[in-house]
Protein chains: 2
Amino acid sequence: MVDKDQVRNNIIRAAGTIFSKFGFRKTTMEEIARAAGKGKSSIYYYFSSKEEIFEAVVVKEARTLKKELSKVIAGSPDPLEKLRNYILVRMKTFHQLSNFYRAIFDEGLSHFDFIERIRERYDKQEILTIRSIFLEGIKTGQFKPEDPDLVAIAIVRALKGLEIPLFWTHVNEDVDIATEEILNILFYGIVKQ
Amino acid sequence: MVDKDQVRNNIIRAAGTIFSKFGFRKTTMEEIARAAGKGKSSIYYYFSSKEEIFEAVVVKEARTLKKELSKVIAGSPDPLEKLRNYILVRMKTFHQLSNFYRAIFDEGLSHFDFIERIRERYDKQEILTIRSIFLEGIKTGQFKPEDPDLVAIAIVRALKGLEIPLFWTHVNEDVDIATEEILNILFYGIVKQ
DNA sequence: CGGAATTCGACCATTATATTCGTAAAGTCT
DNA sequence: AGACTTTACGAATATAATGGTCGAATTCCG
């Protein structure tokens, strides 16, 4: 009982790396089991279905990302730095997990209601976070005193816009550059001069 | 007739990127077709099977690698540079195509006889190339006058050794470092001082 | 027009795969 | 040790995915 969670976590970790490489559909229980060092049937002792494993992985991944972003934000007192680092880390993570997240958007995979929920909650949180950074920046006089709600939403939309080519084309290398580019444009348009 | 080759190449290119991401097994005809902008059945007008497409991709990829390596070797007159660059480029390419090549080694996929043939020919060629560079280096006095055949084979084996963890673990980032490391060790043991 | 080249939807046969189940092995407690 | 619980897995199954075929439609081109 005590290390059932241990094994569960192990499975989640193993499954995570495979999902992130091949997405939901192309990942088989066989592979997950092998990567976790167990027989295929044994997995069902810990999870009732492939979807449940996927859900666990998504939840864990979301939590990790959230933690990482918090750390980044706390890392610098300068709102400008904060915003820059936040966006950079967020894009990098999404980039790494492109296959993984593609599974979420791909085809009929969107009928995973728990994903919709996570996604929605995440979007709202992200808007709030950016809004808050932006507000700080207004206070310090570094950002123009625009409506923070509108600006936050605009930025989130821009980031979402970056996801699309990120997940569908295979020209992944360009994304980092594109992100930097967008960041610069964003700042030149946002920073009070 | 004239742009049948055009379409064929297009299919090969499309299939190549998918194979390189997911390997032979996980890549479906449906995906290849979609990526090539054709219906699934239409693909069979140009290729008689999935294996045939795979073969075409492998051949093309091998040709590209060969060309790139030739260029690198011709690029520098210094045997030491040559060897270093050769190994670097070779490892980088194999690294990028890890999924792709994994398909070759995975499970029962090795009964693709044409792959065996390519592989064998490639290994022999590689030994000759390295041997030749090493001989140059002996002439210039930069390498110890060891038996070039044995040294070449040893190096090729070392490179092959690097492939294994390269293709099977997921800690891919470490490989570049590992390669550099090996290169340094190799040179410190090889370069006359 | 008329025939050849090209495309594709519908279909089939086979395979792959998620999940179940019965049972074996490994602990655990008394 | 023996009974009882937890954990593991091989074999079996039902279903979905997929490679490949075929004939009909569409486009090309003289």
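Model, not experiment: these values are computed from the prediction. Here is the naming used below: chain letters follow the sequence lines, and residue numbers restart at 1 for every chain.
If you measure from atom CD of E31(B) to atom P of dG20(D), you get 15 Å, rounded to the nearest angstrom. If you measure from atom OH of Y44(B) to atom C1' of dC11(C), you get 14 Å, rounded to the nearest angstrom. Rounded to whole Å, the distance from CD on E51(A) to P on dT17(C) is 17 Å. In this entry the distance linking CZ of R34(B) with P of dG19(D) reads 12 Å, nearest Å. In this structure, the NZ atom of K26(A) is 11 Å from the C1' atom of dA17(D), given to the nearest Å. With rounding to whole Å, I32(A) atom CD1 is found 8 Å from dA18(C) atom P. Atom C1' of nucleotide dT7(C) and atom NZ of K4(B) are separated by 12 Å, given to the nearest angstrom.
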Could you write out each protein N or O paired with an N or O of nucleotides 8-13 of chain D at a distance under 3.5 Å?
| unit_1 | atom_1 | unit_2 | atom_2 | d |
| --- | --- | --- | --- | --- |
| dA8(D) | OP1 | K38(A) | NZ | 3.1 |
| dA8(D) | OP2 | Y46(A) | OH | 2.2 |
| dC9(D) | OP2 | G39(A) | N | 2.7 |
| dC9(D) | OP2 | S42(A) | OG | 3.0 |
| dG10(D) | N7 | S41(A) | OG | 2.9 |
| dG10(D) | O6 | S41(A) | OG | 2.5 |

For nucleotides 14-16 of chain D, print each protein N/O atom paired with a nucleotide N/O atom at under 3.5 Å, atom names and distance only.
none

Where do N or O atoms of nucleotides 24-30 of chain D meet protein N or O atoms at under 3.5 Å, pair by pair?
none

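Put simply, the side chain of S132(B) never gets that close to the backbone of L128(B): no donor and acceptor are under 3.5 Å apart.
Not counting sequence neighbours, the partners of E52(B) by the side-chain contact (heavy atoms from CB on, under 4.5 Å) test are R8(B), F47(B), S48(B), S49(B). For Y44(B), the side-chain contact (heavy atoms from CB on, under 4.5 Å) partners two or more places apart in sequence, or in a different chain, are M29(B). Shown here are the side-chain hydrogen bond (donor to acceptor under 3.5 Å, both in side chains) partners of Y86(A), two or more places apart in sequence or in another chain: E126(A). With sequence neighbours excluded, the residues that form a salt bridge (Lys or Arg N to Asp or Glu O under 4.0 Å) with K82(A) are E136(A). With sequence neighbours excluded, the residues forming a salt bridge (Lys or Arg N to Asp or Glu O under 4.0 Å) with D123(A) are K160(A), listed by chain and number. For K50(A), the salt bridge (Lys or Arg N to Asp or Glu O under 4.0 Å) test picks out no residue, with sequence neighbours left out. With sequence neighbours excluded, no residue forms a salt bridge (Lys or Arg N to Asp or Glu O under 4.0 Å) with K60(A).
The distance from atom CZ of F19(A) to atom NZ of K26(A), rounded to the nearest 0.5 Å, is 14.0 Å.
A36(B) and I11(B) get closest at one heavy-atom pair: CB-CG1, 4.1 Å. In terms of heavy-atom proximity, T17(B) sits nearest to S20(B) at O-OG, 2.8 Å.
Inter-axis angle, ends of the helix from dC1(C)-dG30(D) to dT30(C)-dA1(D), five pairs per end, rounded to 10 degrees: 30°.
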For this session: Take V58(A) and E61(A) through the test side chain to side chain contact (heavy atoms under 4.5 Å, CB included) and record every step on the way to the result.
Result: CA-CA 5 Å; V58(A) 169; E61(A) 214 66 54; 5.6 Å; no

Please tabulate, for the side chains in residues 66-81 of chain A, all donor-acceptor contacts under 3.5 angstrom to protein atoms that are two or more places apart in sequence or on a different chain.
| unit_1 | atom_1 | unit_2 | atom_2 | d |
| --- | --- | --- | --- | --- |
| S70(A) | OG | K66(A) | O | 3.0 |
| S76(A) | OG | D78(A) | N | 3.2 |
| D78(A) | OD1 | L80(A) | N | 3.4 |
| D78(A) | OD1 | Q142(A) | NE2 | 3.1 |

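Considering only side-chain atoms of T28(A), the nucleotide from dT19(C), dG19(D), dA18(C) that sits closest is dA18(C). Minimum atom distance to the side chain of K50(A) is reached by dA18(C), of the listed dT7(D), dA18(C), dT18(D).
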